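Notes follow the structure.
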Amino acid sequence: MKKLVLLLTILNLFLFSLAANAQSAFTPYTLKSNEVLMNKDSYQIDLLDPTTATNKRNSHFPGFRGANQMAVYTKNFGIRTNTNEFGTEAIVVGNIVTEISGADSLIPENGLVISGHGRAKAWMNKNITIGTKIYIDKKTKTITAYTTSDSYIYSAQSQIKEVKYIVNKYIQSHSGYNADRTQEYIQEAEKYIDKAMKSRLYVKRYSELAIDSANKALASAIPYKKGELRGVWIRPSFKTQEDICKVLDSLAQTGINTIFIETYYHGMTIFPSTTMESRGFHKVYPGYENFDALDFWIHEAHKRNIKVYIWFQTFYIGAGNPANNPKNIVSINPSWANVTKRDYNLNKPTPSIAEHNGYFLDPANPEVQTFLLELLCEIIQKYKPDGINLDYIRYPQAIDPKYSGSDMSSWGYTNFARKEYKSIYGVDPVELTQFEPLWESWCEYRRGKVTDFVRRTSRICRSNNVDLTAVIFPNRQAALDMKQQDWKRWSINNYIDGFTPIFLTCDPVTASGLMKEILNNKAPDTKLYAGLFVTFMNGAESDLIKQINELRSLSLDGFSIFDYAHFGEKYIQPLMMSICSTPKQPETKAKPRNNRLTNKQQKEQEKKAKKAKKYERRKFR
């Protein structure tokens, strides 16, 4: 253990020695005498440590970063950026980019985070990589990115050092661990680094080759783990049985053993539902009328030893305006729609601007819960899936209550909820702000409604021997304050079998911190399956492997990829090298039979061998 701690210390010292000792990102950058400039470009910054006041128009967006905006976050903003998954982020220590992340990044003590959406994101993807030098001019609000020869060498050396640490960790913790193939890749990577440092003209090419070899070393270093969940979320865009079989064949070959199939989404189902039809809703999602897609998915998956979980979008009914669809759930039942405090008296559903302008149902309404539970019962009893995966099991996104006026973005101000809360506490919640004593009771009222639905679903699942999991937001306090999701209570009360939080980041350090937060708050019996978002963000394949290494080191119960549409060969091939592939068993040699040659047979073979040698000599004269 002491050796592991020492190795980790050495690794961290190396990775951040250049960055920590580098100049500040707010100081102009000058190239070194032997440094070759590969790329330089500038971009206008929209926001530096944004607030509701400085970006009022976009204050409803997580992290106060709006569409196409470029934001810079320092420690003055807080611990993390609080952004959503639709941008990209670069973590800068000193003036050097040390990690490319995706969302909600930790802000380093001696650095900052650059965060871009839309056009700003496109600029970042083109001009910023690990090792890029950053200069931010506060006066002109301009960011300049320098990618130099040193940037490529820094990136490659960091990757090699990290792989070496991981290999040494496995050597020390796993008896019989075979690192021969990994060591070959490492040696290959080191040779390329040596060439890169000697040839500034070809530094980019040799550094890229070094990183490629280091990535192969990384993918081969992490061994197969028997018994873990290896899953993928699937949006069922495949409308033929042939296409479904192709998907399942590919996943089985990759080593995936569980799928989360999107079954109830946008307020419709991929199977012909009697529950939906009896209430006047769409009987089946358009495009799935020809055959029972859910039945086919489950039947074919089980043939390939793949388990099937029902991906169920609980309180979310999609982004389509209900007014344009007479069979929409809230078109038929307007009182079921969730609304904000700002819009409580408009008598129409409120779209969640921060979430694709989507519409939500009211968890407090007993009619909503009854309908959803009936639908779950129909699925469980008719199709007998292996598990249920509750998604959107919460209220819509609100602004952090620490900001003044954020109560106007808070959800749940339906006629039913207001009336019931007032009957208990004697006050209409519309009259409360987040700074008043009764505010917490209003939050607990809403959290309790979500928890009650989980409890009731748990009863159904347990009585039918079906696993119950839920997608949760890993930051516990943010889940409580902004989504009214009290997942710790579900775990402690044993309402849930497992969590599938989605970590909206490419950064393994950020992901690891969030994994630890859940581990520290859940009951021991609640399983934890890491939802990995790297593929959706088009992150590096090495980031996916590093996150799997992190969850393995924390003894999580498995992982699931979000989602199949973004799960291409770029990610499949590294996983098949070792992580998802069962180790090949050594061939057992059959006991030799008694094939001893007679003296006569032996002499005949010797004569044939002599003739063959003479022929070879004549042939090559």
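Everything quoted here is computed from the prediction, not taken from an experiment.
- The two residues Ser542 and Leu218 come nearest to each other via the heavy atoms O-CD2, 3.7 Å.
- Looking at Ser115 and Thr81, their side chains never bring a donor and an acceptor atom within 3.5 Å of each other.
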task: Determine, stepwise, if the pair Thr144 / Asp41 fulfils side chain to side chain donor-acceptor pair (under 3.5 Å).
output: CA-CA 6 Å; Thr144 303; Asp41 205 358; over 6 Å; no
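- In this structure, CG on Asp400 lies 9.5 Å from CD on Gln434, to the nearest 0.5 angstrom.
- Among Phe567, Phe562, Phe536, Phe559, the single residue meeting the ring pair (Phe, Tyr, Trp, His ring centres under 6.0 Å) criterion with Trp233 is Phe562.
- Between Leu504 and Ile502, some side-chain heavy-atom pair lies under the 4.5 Å cut-off.
- Of the N and O atoms on the side chains of Asp49 and Thr74, at least one donor lies less than 3.5 Å from an acceptor on the other residue.
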Chi angles and distances behind the side-chain contact (heavy atoms from CB on, under 4.5 Å) call for Met576, Thr254: CA-CA 6 Å; Met576 290 180 68; Thr254 303; 4.1 Å; yes
- prompt: Are Lys75 and Glu109 close enough, and set up right, to give a salt bridge (charged side-chain N to carboxylate O under 4.0 Å, His left out), and what steps lead you there?
  reply: CA-CA 6 Å; Lys75 289 302 288 186; Glu109 288 289 343; 3.8 Å; yes
message: Assess the residue pair Gln397 and Lys483 against the criterion (side chain to side chain donor-acceptor pair (under 3.5 Å)); give the C-alpha distance rounded to whole Å, side-chain angles, the decisive distance to 0.1 Å, and a yes or no.
response: CA-CA 5 Å; Gln397 170 91 31; Lys483 300 175 179 70; 2.9 Å; yes
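- Within the structure, every pair that satisfies the side-chain hydrogen bond (donor to acceptor under 3.5 Å, both in side chains) test and touches residues 177-186, not counting sequence neighbours, is listed here: Thr182-Ser220.
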message: Applying salt bridge (charged side-chain N to carboxylate O under 4.0 Å, His left out) to Asp137 and Lys141, what does each step give before you reach the verdict?
response: CA-CA 6 Å; Asp137 188 332; Lys141 295 185 72 175; over 6 Å; no
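- Note: His566 and Phe533 fail the aromatic proximity criterion, with ring centroids not under 6.0 Å apart.
- A side-chain donor from one of Lys570 and Asn538 sits under 3.5 Å from a side-chain acceptor of the other.
- Nearest heavy-atom pair across Thr505 and Asp507 is OG1-N, 3.0 Å.
- Between Phe360 atom CZ and Gln313 atom CD the span is 9.0 Å, to the nearest 0.5 Å.
- A donor-acceptor pair shorter than 3.5 Å can be found between the side chains of Asn127 and Asn39.
- Taking the six-membered ring for Trp and thresholds of 30 and 60 degrees, Tyr206 and Tyr192 have nearly parallel ring planes, at less than 30 degrees apart.
- A centroid separation of 6.0 Å or more is found between the aromatic rings of Trp411 and Tyr395.
- Checked by atom type, the side-chain pair Asn84/Arg65 shows a donor-acceptor distance below 3.5 Å.
- Residue Glu162 holds its CD atom at 12.0 Å from CD1 of Ile545, rounded to the nearest 0.5 Å.
- Heavy atoms only, all atoms of each residue included: Gln485 and Ile393 are closest at NE2-O, 3.3 Å.
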task: Could you check Ile193 against Met197 for side-chain contact (heavy atoms from CB on, under 4.5 Å), going step by step and ending with a plain yes or no?
output: CA-CA 6 Å; Ile193 278 290; Met197 296 183 76; 4.1 Å; yes
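- Because its NZ or CZ atom is not both nearer than 6.0 Å to the ring centre of Tyr202 and within 45° of the ring axis, Lys195 does not count as a cation-pi partner of that residue.
- Ser512 contributes no side-chain N or O that, together with a main-chain N or O of Thr510, makes up a donor-acceptor pair within less than 3.5 Å.
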message: Apply side-chain contact (heavy atoms from CB on, under 4.5 Å) to residues Val203 and Ile153 and explain how you reach the verdict.
response: CA-CA 8 Å; Val203 63; Ile153 292 172; 3.7 Å; yes
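- Closest non-hydrogen pair, Tyr170 versus Ala221, comes out as CD1-O, 3.9 Å.
- Rounded to the nearest 0.5 Å, atoms CD1 (Ile472) and CG (Asp391) are 11.5 Å apart.
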Verdict with reasoning, Phe503 to Phe473, per ring pair (Phe, Tyr, Trp, His ring centres under 6.0 Å): CA-CA 8 Å; Phe503 302 110; Phe473 279 78; over 10 Å; no
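- Of the options Leu551, Leu519, Leu554, Thr469, a side-chain contact (heavy atoms from CB on, under 4.5 Å) to Leu528 is made by Leu519 and by none of the others.
- Aromatic ring orientation, Trp487 versus Phe499: perpendicular (interplanar angle above 60°, classes split at 30° and 60°).
- Using a cut-off of 4.0 Å between Lys/Arg side-chain N and Asp/Glu carboxylate O, Lys216 and Asp212 are scored as salt-bridged.
- Ion pairing between a basic and an acidic side chain is recognised when a charged N comes within 4.0 Å of a carboxylate O; Lys546 and Glu541 show no such pairing.
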- request: Give the intermediate values and the outcome of side chain to side chain donor-acceptor pair (under 3.5 Å) for residues Lys169 and Asn549.
  value: CA-CA 11 Å; Lys169 183 183 75 171; Asn549 176 62; 3.3 Å; yes
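- Contact check for Asp563 versus Arg235: side-chain heavy atoms found under the 4.5 Å cut-off.
- Of all heavy-atom pairs spanning Ile134 and Ile136, the tightest one is CG2-CG1, 3.9 Å.
- The aromatic rings of Tyr392 and Tyr316 lie parallel to each other, with less than 30° between the two planes, well short of the 60° mark.
- For the pair Gln69/Leu47, a side-chain contact is recorded, criterion being any heavy-atom separation below 4.5 Å from C-beta on.
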message: salt bridge (charged side-chain N to carboxylate O under 4.0 Å, His left out), that's the test. Do Lys164 and Glu190 meet it? Break it down for me.
response: CA-CA 11 Å; Lys164 282 185 172 181; Glu190 288 177 326; 2.4 Å; yes
task: Before giving the answer on side chain to side chain donor-acceptor pair (under 3.5 Å), spell out for Asn55 and Asn58 the whole-Å C-alpha distance, their side-chain angles and the decisive distance to 0.1 Å.
output: CA-CA 6 Å; Asn55 199 21; Asn58 296 294; 3.3 Å; yes
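- Partners of Asn357 according to the side-chain hydrogen bond (donor to acceptor under 3.5 Å, both in side chains) rule, which considers only residues two or more places apart in sequence or in another chain, do not exist here.
- Here the straight-line distance linking atom CG of Leu229 with atom CD1 of Ile256 works out to 8.5 Å at 0.5 Å rounding.
- Taking the side chain as every heavy atom from C-beta outward, Ile561 and Tyr571 never approach each other to under 4.5 Å.
- A donor atom on one side chain and an acceptor atom on the other are found under 3.5 Å apart for Glu188 and Ser213.
- What you find for Pro108 and Val92 is that their closest heavy atoms are CG-O, 3.4 Å.
- Under the 6.0 Å cut-off for aromatic ring centres, Tyr529 and Phe260 do not qualify, their centroids lying 6.0 Å or more apart.
- The side-chain hydrogen bond (donor to acceptor under 3.5 Å, both in side chains) check on Glu35 picks up Tyr29, Lys133, Thr148, with sequence neighbours excluded.
- Defined by atom type and a distance below 3.5 Å, a donor-acceptor pair is present between the side-chain atoms of Thr54 and Thr51.
- Interatomic distance, Asp150 CG to Leu37 CG, rounded to the nearest 0.5 Å: 11.0 Å.
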